[in-house]
Protein chains: 2
Amino acid sequence: MLKSIIDNRENYQPGLSIDCVIFGFHDNQLKVLLIKTKHSEEWALPGGFVPVDEDIDQAAVSILHGRTGLEGIFLRQFSTFGTVKRNQDHFSNKVLEFYEIPLEEGKWYASRFVTIGYYALVDFLQTVPQPEGKNEIVEWIDHDAVPDLILDHKEILDKALETLRMELNLIPVGYNLLPEKFTIPELQKLYETILGRKLDRRNFLRKITAIGILTKLDEKKSNVAHKAPNLYSFDRDKYNEVVRNGLHQGW
Amino acid sequence: MLKSIIDNRENYQPGLSIDCVIFGFHDNQLKVLLIKTKHSEEWALPGGFVPVDEDIDQAAVSILHGRTGLEGIFLRQFSTFGTVKRNQDHFSNKVLEFYEIPLEEGKWYASRFVTIGYYALVDFLQTVPQPEGKNEIVEWIDHDAVPDLILDHKEILDKALETLRMELNLIPVGYNLLPEKFTIPELQKLYETILGRKLDRRNFLRKITAIGILTKLDEKKSNVAHKAPNLYSFDRDKYNEVVRNGLHQGW
DNA sequence: CCAAAAGTGTTCGAAATACACCCATGT
DNA sequence: ACATGGGTGTATTTCGAACACTTTTGG
C-alpha cells in the first residue's frame, strides 16, 4: 500500500495527508476505529493520501469507504495539522525496510506532512472493518481505552471529539451513529457519552422531541430486561432540514 | 515575490498555501484587508506559502505580520480548501509572463494548491497595509462592498465570516478589533456588524457586562455630537481567561 | 429649544432545571 | 415479590426578549 503510493507519488498531492477519526457507538461506549500495521506496536488513525485529481473531501470519503465499506456517511472536516515536527518520528528506517522502499524514494515520505482531519459518525453494526492487505489490523477501540497513538494522532482525536461536542449544539447527532430503530435511552446514552456527563431523562426527552426529528414507532424493543422501551426512528427529511438550518439550542 | 518563491520552491511545502481573511472595524463598517496585483484586475485574500521548516500556524502569523505589521494577533484556522479545480484558473500564462517564469518551473505553480484558511481580527487604526513590492496594492475594503475575488477566495471569505459568527457564541470578540478605549455603542455596532442584525441596546449592555471582561473607565468620549458616551476598556486578564474557558451563551 | 444618541429598569414568556411516582419485565 | 430500568408531569428558576422614558450635548 505505502510502497505503491510512493511508487506512484506523482499521482498524489505531495506533503499532504488525511486522517479520519471514525466514531461509532455500541454497548453504551463511544468507539473509535483505529488501525495498526504489523511493523508497529502503536495504533493510528485511518488515513491516506490525496490523489492529485481528487477533491480533498472526496479523498476523505474514499478513505472512509475503504476502511469501513460505508457510503453516504456523515463526514466533516474539522482541522488541519501542520507542525514541522509532527511526522518526524514517522520516518524510521524500519518502516522503509519493512516496505522495501529505497531511501531515496523514502524522502518523499520523510518530509513534513500536513494532515487534514476529518471526523465521521458511523453505524457500528453496519461497519465491517476492512484491513488493507494482511499487514493491517483494523479495530474498534473504546474511546475510554484508546492507547497511545502514533505521531500527533492523539491530539487529532481529542480535537475531533472537542469539535463533535461543540457541534452537538449546532446539529442533531445520531442518524449515522445509531441503527435504524433505537430507543430514547440509547439516544440519551449516546449524547451522554459524547458529552461525558449525565443528562436528566425527562428533560432529555422533552428537548430531543421538541426538535421534531423523531418518529415514535408503534413498536417496543423486545428481549430486553425490565420494561420494554419504545422504538423510535429518525424522520429523515426533518433531520436533514435541521442539519441544514442548524439547531438553536445547547446542551 | 512569486518568482523568488518558485526559484526556491524546494524550501516551501509543495501544493500548499495559506490564505488569511483579515477583519478590521472602522466607521461602523466591517472591513476586510484585500490585495491586488498589478497583473490582475481582481482582488485576492492576502496569502502565502508554507516554508518547510515552519509550522503552518507560524506561517500564517508571518503572512499576517508581513501584510499588516501587526504582532500578537487573534488568528484562527477555520477551514482547509482543496477542490481539484480551485486554482485551475490561476495558472495563466499571463501571470507567468508577468513574473518572467519559465513554463517548466511554472508547473509547480500550476498544480492544485490546497489552501488553509485563517482569519484574523485586527485593530484597524493600528494596521498599516504593507504591499510587498511595487506590484501589489493592499487595501481595506468594506465587507459590504467586496468585489469578485480570484479563485474561490469569496467562498473562503464567506466561510470565515460564518465561522466568526459562530465563534461569537463561544468567545468574546473585540479585543483586537477595537482601540484601547471604546464605548459600549461601538462594541455593540461591532457585534451587530459581524452578526448582520440589530441588537437591543439595553439587553446588549446587560449581557456584555455580565461576562465580566469590561472595565468602565472614569472618562467619557469627548468631541462627539450628543450625549458623551462612557469609555470602557477590556480587562485583559479576564478577557483571556474567558477566551480560554469559553463562553456559555449565545447571541 | 430641539434633534440625536446615551443611559437606565421592569415585565413577560420561554426554556432549563430539579424533582417523584407509577409501570412493565426478567429473575 | 422485587429489583431494575422506562415512562410521564409539574413547580421553580433562570434567561432572553420586548419595551419607554429621561439625560446630555451640539447645532
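Bear in mind the structure is a predicted one, so any value in this text is a computation, not a measurement. Atom set for the values below is all heavy atoms of this structure, side chains included, hydrogens, waters and symmetry mates excluded. Below, chains carry the letters A, B, ... as their sequence lines are ordered, and counting in each starts from 1.
Distances from the side chain of A:Ala228 to the nucleotides C:dT25, C:dC19, D:dG6 place C:dT25 closest. Minimum atom distance to the side chain of B:Arg206 is reached by C:dG9, of the listed C:dA16, C:dG9, C:dC19. Picking from C:dG7, D:dC19, C:dT17 the nucleotide with the shortest atom distance to the side chain of B:Pro185 gives C:dG7. Comparing C:dC19, C:dC23, C:dT8 by their closest approach to the side chain of B:Leu205 singles out C:dT8. The side chain of A:Asn203 lies closest to C:dA18, out of C:dA18, D:dT25, C:dT8. Side chain of A:Arg202, nearest nucleotide from D:dG9, C:dA16, D:dG6: D:dG9.
In this structure, A:Ile208 places its CD1 atom 17 Å from C1' of D:dG7, rounding to the nearest Å. D:dT23 atom C1' lies 12 Å from atom CZ of B:Arg201, rounded to whole Å. Following rounding to the nearest Å, A:Lys198 (NZ) and C:dA16 (P) show an atom-to-atom distance of 21 Å. In this structure, A:Leu199 atom CG and C:dA15 atom C1' are separated by 16 Å, rounded to whole Å. Regarding B:Lys189, its NZ atom lies at a distance of 11 Å from the C1' atom of C:dA4, rounded to whole Å. When the C1' atom of C:dA16 is taken as reference, atom NZ of A:Lys207 falls 7 Å away, rounded to whole Å. Between the CZ atom of B:Phe204 and the P atom of C:dT8 there is a distance of 14 Å, given to the nearest Å. In this entry the distance linking CD of B:Glu186 with P of C:dG7 reads 11 Å, nearest Å.
Using a cutoff of 4.0 Å between basic side-chain nitrogens and carboxylate oxygens, A:Lys221 and A:Glu186 are scored as salt-bridged. Using a 4.0 Å cut-off between a side-chain N of Lys or Arg and a carboxylate O of Asp or Glu, A:Glu167 and A:Arg76 qualify as a salt bridge. Here A:Glu136 pairs with A:Arg67 in a salt bridge; the nearest charged N to carboxylate O distance falls below 4.0 Å.
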Checklist entry - Run the salt bridge (charged side-chain N to carboxylate O under 4.0 Å, His left out) check on B:Arg236 and B:Glu241 step by step: do they pass? => result CA-CA 8 Å; B:Arg236 192 163 178 166; B:Glu241 190 187 318; over 6 Å; no
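Among the atoms of the strands shown, base atoms are found under 4.0 Å from some heavy atom of B:Asp200.
With DNA chain C read from its 5' end, the first of the two nearest nucleotides for A:Lys220 and B:Leu231 is the one closest to B:Leu231. Where A:His226 and A:Lys216 meet DNA chain D, the nucleotide closest to each residue was compared, and A:His226 sits on the side nearer the 5' end.
For B:Phe25 and B:Phe124, the ring centers are positioned 6.0 Å apart or more.
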